[in-house]
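Nothing fancy with the numbering, it's 1 onward along the sequence.
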Amino acid sequence: MKSRAGSRAGAMDFWGAVRLLRKRWYVVLPAIVVALALTALTYVSIPTRYSSTGVVVLTAPSAGGKVAERSSPDQAVQINPLLAFDGSLVTSAQIAAQVLNDPATKEALGIATGSSDTYTASNGTTNGPFVFVTAQSDSDARSRQLVGGALDRARQELDTRQRELKAPEGTFIQVQVLVKPTVPEAQIGGKLRFAGAAFVLTVILALAVTFAYDSIANAVRRRRPKSPGAAAPRDPELTRPAMRPVNNRQPAEVSAEARE
C-alpha cells in the first residue's frame, strides 16, 4: 500500500511540475533558448584536437651483435653492448620510449612549457621491440609533424648511444618505420562532454529559476493589499430573499376575516 501511495504521489508531483512549466512557459522558453545558446558557445569555444599515431620497430643485424676483426688479436671480436643480453631489443625500445618522453626531448622537438601540443611514447601492450608515438595538437598538420619528429628522434638517439658505446657499425640496431604518421583524426569527444555538461547544468538552473519565480509570484499575489473601493463581502443571511406567505389569499381578505 505504501509503495502504491508513493508511486501515486510521485506521479502527481511529476504532472504538477509539468502543469507548472506549461503555466510559466514565458519563463521556460527563454531559459531553454539560453541553454541552447550556451551549449553551442561552449562547443565552439573549445578547440578541436587532432591526433596522429606512428610506430617503429627495432631490428638487429642478421650477423647479430658481434663482429670479427682481423686487424689485431685484441680486436678479434667486437660486441654491441645493446645486443649482448637476452631481450636486448625490447630493452632498447624501452630506453627509446623513455628518452622520447623526457621533457628535454619534447622541448627540442618544439613543445614549449604550457603548450597545447603534446605526444606520448610507449612500448604498447605487447612485449616486443616496438615504440608507439601518439601526438595531439590543435592543428592537424602539427600533430602529424610531431609524430614524424619523434620517430626520427628515436632513430637518432639509438644511433648516438651505440656510437658512444663504441659498438661496431655493422652491429647497430636499426629502426624501421612500421606505421607512418597516420592522417590526423579530429577528437571531438571532449567537446561533446563539455557541451553536454553545460546544457544539463543550464537546464537545471532554468527549472530552478522557473519554480522560484512561481513561488515568488504566488507569495506576492497572496500579500497584495485589497483596493479601497472594493465592495465588502455580503452576509448571506441579509441577501437571502424574503419568504412569501403560504396561502394565496390577498392581504385585504385576511384583514376582513379578522374584523369579523
Side-chain angles (χ1 to χ4, degrees), residues 49-187 190:
R49 301 284 289 173
Y50 294 91
S51 178
S52 179
T53 303
V55 184
V56 294
V57 59
L58 275 58
T59 60
S62 58
K66 299 179 181 180
V67 62
E69 295 285 349
R70 298 182 180 181
S71 57
S72 60
D74 57 340
Q75 297 180 347
V77 177
Q78 292 184 347
I79 301 175
N80 185 344
L82 294 180
L83 293 174
F85 49 89
D86 294 337
S88 55
L89 289 179
V90 175
T91 303
S92 299
Q94 294 173 350
I95 294 174
Q98 292 177 1
V99 171
L100 291 179
N101 288 325
D102 189 348
T105 304
K106 292 184 177 182
E107 185 176 357
L109 291 176
I111 301 178
T113 304
S115 174
S116 60
D117 298 339
T118 184
Y119 72 82
T120 57
S122 66
N123 302 114
T125 57
T126 60
N127 189 21
F130 303 99
V131 179
F132 297 83
V133 177
T134 301
Q136 291 186 349
S137 175
D138 296 341
S139 170
D140 54 349
R142 176 59 176 164
S143 64
R144 198 169 188 176
Q145 180 184 4
L146 284 174
V147 174
L151 297 181
D152 291 340
R153 185 75 179 200
R155 181 183 295 105
Q156 295 173 8
E157 287 293 334
L158 282 175
D159 185 77
T160 300
R161 289 178 181 273
Q162 291 177 105
R163 292 185 185 279
E164 290 177 351
L165 293 173
K166 296 181 180 181
E169 190 170 350
T171 64
F172 275 17
I173 298 174
Q174 301 297 320
V175 178
Q176 305 292 335
V177 177
L178 191 62
V179 177
K180 295 182 179 180
T182 59
V183 177
E185 296 182 357
Q187 307 294 314

One pair to check against side-chain contact (heavy atoms from CB on, under 4.5 Å): L178 and V56. What are the steps and the verdict? CA-CA 5 Å; L178 191 62; V56 294; 5.9 Å; no
Test side-chain contact (heavy atoms from CB on, under 4.5 Å) on V175 and V131 and set out the steps. CA-CA 10 Å; V175 178; V131 179; over 6 Å; no
side-chain contact (heavy atoms from CB on, under 4.5 Å), that's the test. Do V183 and R144 meet it? Break it down for me. CA-CA 7 Å; V183 177; R144 198 169 188 176; 4.2 Å; yes
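E157 places no side-chain N or O within 3.5 Å of a backbone atom of L100 that could act as its donor or acceptor partner. Between the side chain of N123 and the main chain of A93, a donor-acceptor pair closer than 3.5 Å is present. A donor-acceptor pair under 3.5 Å is formed between the side chain of T91 and the backbone N or O of G87.
Nearest heavy atom pair, residue Y50 against residue S143, reads O-CB, 3.6 Å. Annotation for L146 and A135: closest pair CB-CB, 3.7 Å, computed over non-hydrogen atoms. When all heavy atoms of A121 and N101 are compared, the pair lying nearest together is O-ND2, 2.8 Å. Scanning both residues, L82 and Q162, for their nearest heavy atoms gives CD1-CG, 3.5 Å. What you find for L109 and G149 is that their closest heavy atoms are CD2-O, 3.9 Å. Residue F172 comes nearest to A167 through the heavy atom pair CE1-O, 3.3 Å, listed as atom of the first residue, atom of the second, then distance.
Remark: Q174 CD to R155 CZ distance equals 9.0 Å, nearest 0.5 Å. Within the model, atoms CD of Q98 and OG1 of T105 stand 11.0 Å from one another, a figure rounded to the nearest 0.5 Å. The distance from the CD1 atom of I95 to the CG atom of L158 is 8.0 Å, given to the nearest 0.5 Å. Taking CD of Q176 as the reference point, atom CG of L58 lies at 9.0 Å (rounded to 0.5 Å). One distance of note links CD of E185 with OG1 of T53; it measures 8.0 Å at 0.5 Å rounding. We find the CZ-OG1 distance between F132 and T120 to be 11.5 Å, quoted to the nearest 0.5 Å.
When the options T118, D138, D140 are evaluated for a side chain to side chain donor-acceptor pair (under 3.5 Å) with R49, the one that passes is D138. For the side chain to side chain donor-acceptor pair (under 3.5 Å) test with D117, the passing option among K106, Q145, R142 is R142; the others fail.
More than 12 non-hydrogen atoms from other residues, nucleotides or ligands lie less than 6.0 angstrom from CD of Q187.
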